[in-house]
Chemist: 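Submitted below is the structure of interest, expressed as structure tokens.
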Amino acid sequence: MSRITLREYGVYALPDRREFVVRLSGRNEYSLYPSLTRNGFRMAEYRINSEGRVLSKGTPTRWRAADLIDTGRTINRPPAVANALL
């Protein structure tokens with residue numbers, strides 16, 4: 001099994017062109033967030049498990065981590081997230 005490597009706070013697009021912010025959510029697992037609110041992230045819309053499957057509410061979708069398109073953009077950590085990490 002190969003290690004999945006995505007950029008923390010990187011903006012990636014699914015093949016349907018919807019963009020998500022990536023956050024590391026566990027060992028070799030990630031969460032995909034659709035947007036930011038004023039106080040940080042909403043609930044994750046998708047998760048990527050350690051096998052590279054993109055899950056929606058725990059159910060595998062047709063996508064894999066390798067299907068994500070890196071937009072080259074990275075967001076700054078929102079203040080609420082930055083403060084929670086201190």
Chemist: Roughly how far, to the nearest 0.5 Å, is CG of Leu6 from CG of Asn28?
Modeler: 9.0 Å

Chemist: One pair to check against side-chain contact (heavy atoms from CB on, under 4.5 Å): Leu68 and Phe20. What are the steps and the verdict?
Modeler: CA-CA 10 Å; Leu68 291 172; Phe20 295 88; 5.9 Å; no

Chemist: Kindly give the heavy-atom pair with the smallest separation between Tyr33 and Ala44, and that separation in Å.
Modeler: CE2-N, 3.4 Å

Chemist: Using the test side chain to side chain donor-acceptor pair (under 3.5 Å), find all partners of Ser25 that sit at least two apart in sequence or belong to another chain.
Modeler: Ser31

Chemist: Assigning hydrophobic clusters by single linkage (Ile, Leu, Val, Met, Phe, Trp, Tyr; side-chain heavy-atom cutoff under 4.5 Å), is Leu14 placed with Ile4?
Modeler: yes

Chemist: Who passes side chain to side chain donor-acceptor pair (under 3.5 Å) against Thr74, sequence neighbours left out?
Modeler: Arg7

Chemist: Is there a path from Ile48 to Leu55 through hydrophobic residues (I, L, V, M, F, W, Y) whose side chains come within less than 4.5 Å of each other?
Modeler: no

Chemist: Tell me if a side-chain donor or acceptor on Thr61 pairs with a main-chain N or O of Ser56 at a distance below 3.5 Å.
Modeler: no

Chemist: With Tyr46, which residues qualify under side chain to side chain donor-acceptor pair (under 3.5 Å), at least two apart?
Modeler: Arg18

Chemist: Does any pair with a residue in residues 52-64 pass salt bridge (charged side-chain N to carboxylate O under 4.0 Å, His left out), and if so which ones, sequence neighbours excluded?
Modeler: none

Chemist: Once you round to the nearest 0.5 Å, how far does CD of Glu19 lie from CD1 of Ile69?
Modeler: 9.5 Å

Chemist: How many angstroms lie between atom CZ of Arg23 and atom OH of Tyr9, to the nearest 0.5 angstrom?
Modeler: 3.0 Å

Chemist: With Leu24, which residues qualify under side chain to side chain contact (heavy atoms under 4.5 Å, CB included), at least two apart?
Modeler: Glu8, Tyr30

Chemist: Who are the side chain to side chain donor-acceptor pair (under 3.5 Å) partners of Asp67, not counting sequence neighbours?
Modeler: none

